[in-house]
Amino acid sequence: MSLDLSLSRILPRPRTLLLSLVLAVAGVVLWHSTEQQYRERLSWMGVTEWQQPSAQTFTRVLRNDGYLVGWSDFRVGALWASYTLQDRGDVNIGPRPDFDADWRTLWPVSTSSYSGSGYDRGHLAPNYAMAVNGGEAAQQDSFLMSNMLPQRPKLNRQLWQRLEAVVMDHFLPRFGRLQVITGPIYAPMEWASVESWTRLALDRVGFIEIPQSFYKIVVVPGETPRAVAFIMPQDVQGDEPLSDYLVSIDEVERRTGLNFMPSLPPAVESAWEATAGVGDWNLSKVSQLPARFN
DNA sequence: TTTATTGT
C-alpha cells in the first residue's frame with residue numbers, strides 16, 4: 001500500500017474552496033458594517049480622522065461600551081475619545097469601579113503605571129457620564145487604562161472636573177443630546193531639535209507620553225449645530241473661569257492635526273472656523289462654579 | 001464621592 005501525498009488529496013475541492021472564500025468575504029463584510037454601525041452610534045457626523053495621514057499618525061480605533069478611543073501606538077496613549085450623551089434625568093450610578101489594564105494597547109500600561117509619577121490617571125471619557133448614559137458596562141469600560149492620560153492633580157480634580165460637571169449638569173439637561181470629543185495636545189515635534197527628542201524620550205509616565213494640554217469639544221447635534229471647545233493646560237490652579245480656556249474647533253484641529261466630525265457639511269464647518277462657542281452656552285452662569293473636591 | 005493618590 002502506498003501513501004498518496006499528491007496535492008489533490010490535501011487541497012479541498014474547488015467547490016469547497018470557493019464556498020469557503022465566499023463565506024469568509026461575507027463574514028468580513030458583515031463584521032465591517034456592524035463595526036461601522038457601532039462607531040457611528042458613538043460619533044455623530046463621522047469618526048475622527050487625520051488631516052494628513054502618515055506612519056507617525058497611525059491610530060487604531062478601540063470600541064468600548066459607550067465610547068470610542070483613537071489609540072496611538074506612537075504616543076502610547078489615546079488621541080481622542082468620542083461619545084454621544086442623551087439626557088436621562090436623575091440616574092443613580094453604581095460604585096466607582098477599579099482601574100483595569102487594556103490588552104488591546106499592546107504596550108504594557110498597567111493600573112500601577114502612574115504610581116509615584118506625580119500625575120493622576122485622568123479619564124478622557126468620564127466615569128460619571130459613561131455610568132449615567134451607558135450603565136454599568138460603560139462605566140466599567142471607562143476605567144480601562146486606554147482611556148487614561150497623565151493629568152496634573154489640580155487639572156484633573158478641579159478645573160477638568162468642573163468642566164465635566166458643567167457638561168452633565170447644565171449642557172445636557174438644556175440641550176437633551178450632546179456629542180463630546182476629548183483628548184490630549186502634545187508639544188509640537190521638531191525633528192531637528194535635540195530638546196524635542198529628549199522630551200519625546202524622557203517626558204513620559206512609564207511608556208506614556210505626557211500631554212501638554214487637553215481639549216474638549218461639545219456639540220449639540222442638529223441642522224445648525226451649536227459647538228463649544230476648550231483647551232486646558234496641565235499647569236492650572238483649578239479655580240480659573242472655564243471661559244478663560246474657550247477656543248474654536250479650528251484651533252483644536254490646528255493643534256492636534258485631527259479632523260473632527262469629517263462628515264459635516266462644509267457650510268457648517270466653515271461657520272465654526274474662527275468662532276469660539278457657536279450659539280449661546282450661558283457660560284457666564286457656569287464658568288465659576290466650584291470644584292466638587294479640594 | 002460626578003476627581004484622585006498616598007500611606008496604613
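Chain naming here is simple, since letters A, B, ... match the order of the sequence lines and numbering starts at 1 in each.
Ile217(A) places none of its side-chain heavy atoms less than 4.5 Å from the side chain of Gln179(A).
In this entry the distance linking NZ of Lys216(A) with C1' of dT2(B) reads 12 Å, nearest Å. Between Met232(A) atom CE and dT3(B) atom C1' there is a gap of 14 Å when expressed in whole angstrom units. Look at CD1 on Ile93(A): it is 12 Å from C1' on dT3(B), rounded to the nearest Å. In this structure, Leu85(A) atom CG and dT2(B) atom P are separated by 17 Å, rounded to whole Å. Rounded to an integer number of Å, the gap from Tyr128(A) OH to dT3(B) P is 10 Å.
Evaluation of the side-chain hydrogen bond (donor to acceptor under 3.5 Å, both in side chains) test over residues 86-96 of chain A, restricted to residues two or more places apart or in two chains, returns Arg88(A)-Asn133(A). The stretch residues 218-263 of chain A participates, sequence neighbours left out, in these ring pair (Phe, Tyr, Trp, His ring centres under 6.0 Å) pairs: Tyr215(A)-Phe260(A). A ring pair (Phe, Tyr, Trp, His ring centres under 6.0 Å) check over residues 165-190 of chain A, counting only residues at least two apart or in different chains, returns the pairs Phe171(A)-Trp281(A), Phe175(A)-Trp281(A).
For DNA chain B, none of the residues of residues 138-152 of chain A falls under the heavy-atom distance limit of 4.0 Å. A heavy-atom distance below 4.0 Å to DNA chain B is reached by these residues of residues 159-171 of chain A, ordered by number: Gln161(A), Ala165(A), Asp169(A).
In this model, a donor atom of one side chain and an acceptor atom of the other lie less than 3.5 Å apart for Trp50(A) and Thr59(A).
Glu251(A) is linked by a salt bridge (charged side-chain N to carboxylate O under 4.0 Å, His left out) to Arg254(A), counting only residues two or more places apart in sequence or in another chain. Applying the side chain to side chain donor-acceptor pair (under 3.5 Å) test to Trp160(A) and every residue at least two apart in sequence or in another chain returns Glu164(A). Not a single salt bridge (charged side-chain N to carboxylate O under 4.0 Å, His left out) links Asp203(A) to another residue, sequence neighbours left out. Partners of Phe207(A) under the ring-ring contact (aromatic ring centres under 6.0 Å, His included) rule, at least two apart in sequence or in another chain, are Trp107(A). Every residue meeting the side chain to side chain donor-acceptor pair (under 3.5 Å) condition with Ser112(A), not counting sequence neighbours, appears here in chain and number order: Ser110(A).
Look at Arg292(A) and you'll find a side-chain N or O under 4.0 angstrom from OP1 or OP2 of dT2(B).
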Every protein N/O within reach of nucleotides 5-8 of chain B N/O, cut-off under 3.5 Å:
from, atom 1, to, atom 2, distance (Å)
dT5(B), OP1, Arg121(A), N, 3.2
dT5(B), OP1, Arg121(A), NE, 2.7
dT5(B), OP2, Arg121(A), NE, 3.3
dT5(B), OP2, Arg121(A), NH2, 2.6
dT5(B), O4', Arg157(A), NH2, 3.2
dT6(B), OP1, Gly116(A), N, 3.2

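If you chain together ILVMFWY residues whose side-chain heavy atoms come under 4.5 Å of each other, Val29(A) ends up grouped with Val25(A).
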